[in-house]
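One structure below.
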Amino acid sequence: MANKTILEVQNLTKFFTTPAGQLHAVDGVSFKIEEGKTLGIVGESGCGKSTTGRTILKLLEPTGGKIIFDGKDITSYSRKQMRPLRQEMQMVFQDPFSSLDPRQTVMQLISEPIIEHKLLKSKKDIEDRTLELMETVGLAERYINVYPHELDGGRRQRIGIARALAVNPKLIVCDEPVSALDVSIQAQILNLLKELQEKMGLTYIFITHDLSVVKYFSDDIAVMYLGQMVEKAPSDVLFANPVHPYTKALLSAIPLPIVGKEKPKRQLIKGEITSPVNLPDECRFMKRCDFADECCKKCNPKLHEIEPGHFVACTRVAEGTI
Ligand SMILES: Nc1ncnc2c1ncn2[C@@H]1O[C@H](COP(=O)(O)OP(=O)(O)OP(=O)(O)O)[C@@H](O)[C@H]1O
């Protein structure tokens, strides 16, 4: 039996008005996530991953589209209407250092959301819950009175995770949560997030520029390019059978064995991601694509299901010429 859909995003857009014109940071993104699952969102810097995450949590107002969380259409919810939902939707950031008040101790940092959301009242209950959360994220009790600058990046990220867990969320948007950490620490934090998911039934949106990080972590992976999803599939399918030229190039650049197939030759992606301002109605990846031809100028391709659950937005794939 399929799990319950906890989040559905339909044709989400977020545009910013800039002196140069409308900047299409998120441009028609749609997906569903079942409770307890992880959707990885990957793509290079500036493709709109963080804006997607922040808009879903209503930290940014969407320009268009729909956000349905736990059966409720929250697209037009006011700040006040969002308040009770804030507990259910949390975010873990890349650099916990910049999101943690340096003047607060671990105790103050972890207990803050408990106090803010009035989850517990007595000092003793708050302290007990803080200690319980520290244990849950693997932070030894001896750190309770230390300040974030006295801790390494991994332990600081554990504080960030404990703060998110403090309010018993259902969905956590993890925005590059391990990118600032050493590789050995990255694995510890990924294992912790996985363990917490299994224990608490958490749903994750896991944002990263690094496909190798999400391979074992995500149930589904969405590849973003210039505000749009260009390929979306279950993780194993995406790694075994990448179809969009951008996904292929991203995959060829990571040091992973490709099961049952020879590792594709490394394909360098030419040039830089172009500006998402005033985009013409043509394939957005065209200028960097080795396979581009005249048909790619016809229109901006939509996602097309090429096998169950595997979607690709490429004109040449849709026309069967690639
Ligand atoms: N407040 C803002 N005002 C104007 N443009 C913005 C704003 N926030 C983001 N952008 C632009 O929106 C686009 C998407 O940015 P976003 O941060 O979502 O990308 P990203 O894929 O998360 O990249 P990174 O990993 O570097 O954060 C970029 O072109 C960025 O410059």
Side-chain angles (χ1 to χ4, degrees), residues 7 9 11-31 33 38-65 67 79 89-99 153 157 160 164 171-181 186 189-190 193 204-215 217-218 220-232 238 244 246-247 249-251 253-254 269 271-280 283-288 300 303 313:
L7 177 74
V9 171
N11 205 17
L12 186 71
T13 54
K14 175 64 190 172
F15 301 160
F16 294 105
T17 303
T18 72
Q22 286 278 81
L23 187 151
H24 292 213
V26 181
D27 200 359
V29 162
S30 302
F31 59 83
I33 314 182
T38 301
L39 171 73
I41 302 185
V42 296
E44 69 204 292
S45 181
C47 71
K49 307 180 295 294
S50 296
T51 307
T52 302
R54 301 177 75 90
T55 309
I56 289 167
L57 297 192
K58 297 283 308 278
L59 300 172
L60 292 169
E61 274 308 306
T63 307
I67 306 162
R79 241 170 217 268
M89 310 164 90
Q90 286 288 303
M91 190 146 182
V92 169
F93 299 92
Q94 169 174 358
D95 179 7
F97 204 41
S98 61
S99 59
Q157 193 52 291
L171 171 75
I172 304 185
V173 174
C174 305
D175 191 355
E176 303 268 12
V178 297
S179 306
L181 306 175
Q186 283 192 359
I189 297 294
L190 289 172
L193 287 169
Y204 291 139
I205 293 180
F206 195 98
I207 294 171
T208 177
H209 64 280
D210 184 352
L211 256 175
S212 57
V213 165
V214 281
K215 180 172 186 194
F217 199 81
S218 302
D220 291 304
I221 295 181
V223 179
M224 276 187 84
Y225 191 80
L226 272 182
Q228 298 184 322
M229 285 188 175
V230 295
E231 186 156 6
K232 189 171 60 155
L238 191 96
H244 196 283
Y246 180 60
T247 313
L250 286 181
L251 274 173
I254 62 171
I269 309 171
E272 305 243 304
I273 193 164
T274 40
S275 155
V277 179
N278 304 328
L279 292 159
C283 169
R284 294 186 178 175
F285 186 59
M286 190 178 73
K287 293 196 175 70
R288 299 170 83 188
N300 178 12
L303 283 172

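For the numbers below, each heavy atom of this structure counts, side chains included, while hydrogens, waters and symmetry mates do not. Counting starts at 1 for both ligands and their atoms, following the listed order.
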Heavy-atom protein neighbour under 4.0 angstrom from atom 27 (O) of ligand 1: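 Looking at atom 27 (O) of ligand 1, one finds that a protein heavy atom does lie closer than 4.0 Å.
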
I'd like to know if atom 11 (C) of ligand 1 has any protein heavy atom within a distance of less than 4.0 Å.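 Under the 4.0 Å cut-off, atom 11 (C) of ligand 1 does have protein heavy-atom neighbours.
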
Does ligand 1 have any atom that is closer than 4.0 Å to a heavy atom of E44? yes

Test item, G48 contacting ligand 1 (heavy atom, 4.0 angstrom):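 It does, in that a heavy atom of G48 comes within the 4.0 Å cut-off of ligand 1.
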
Tell me the closest heavy-atom pair linking [X] and [Y], and the distance in Å.
X: M229; Y: M224; answer: CG-CG, 4.2 Å
X: E231; Y: T247; answer: OE1-OG1, 2.8 Å
X: A164; Y: I172; answer: CB-CD1, 4.4 Å

Between P177 and the options Y204, F206, F93, the side-chain contact (heavy atoms from CB on, under 4.5 Å) test singles out F206

My understanding is that we take every heavy atom of each candidate and find the minimum distance to atom 18 (O) of ligand 1. Doing that for V42, T51, V26, which one comes out nearest?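 Considering heavy atoms of V42, T51, V26, the nearest to atom 18 (O) of ligand 1 sits in T51.
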
How far is [atom] from its nearest protein heavy atom, and which residue and atom is that?
atom: atom 21 (O) of ligand 1; answer: K49 NZ, 2.9 Å
atom: atom 24 (P) of ligand 1; answer: S45 OG, 3.7 Å
atom: atom 20 (P) of ligand 1; answer: G46 N, 3.5 Å
atom: atom 5 (N) of ligand 1; answer: F16 CD1, 3.5 Å

Using a 4.0 Å heavy-atom threshold (strictly under), name the region of P276 that reaches ligand 1: side chain, backbone, both or neither.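 P276 to ligand 1: side-chain contact only, backbone stays beyond 4.0 Å.
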
So, is the end of the K215 side chain (NZ or CZ) under 6.0 Å from the ring centre of F217 and within 45° of the ring's axis?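 No, K215 does not lie over the aromatic ring of F217.
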
Basic-acidic side-chain contact under 4.0 Å: D175, K49: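 A salt bridge is absent here (no side-chain N lies under 4.0 Å from a carboxylate O).
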
Is a donor on one side and an acceptor on the other found under 3.5 Å between the side chain of N300 and the backbone of P280? no

Counting both backbone and side chain atoms, is some N or O of S50 under 3.5 Å from an N or O of ligand 1?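 Indeed, backbone or side chain, S50 has an N or O that close.
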
What atoms of ligand 1 come closer than 4.0 angstrom to any heavy atom of L23? 5 (N), 11 (C), 12 (O), 13 (C)

Quick one: sort the Y225 and F285 rings into parallel, tilted or perpendicular, breaks at 30° and 60°.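 Answer is perpendicular, since the angle exceeds 60°.
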
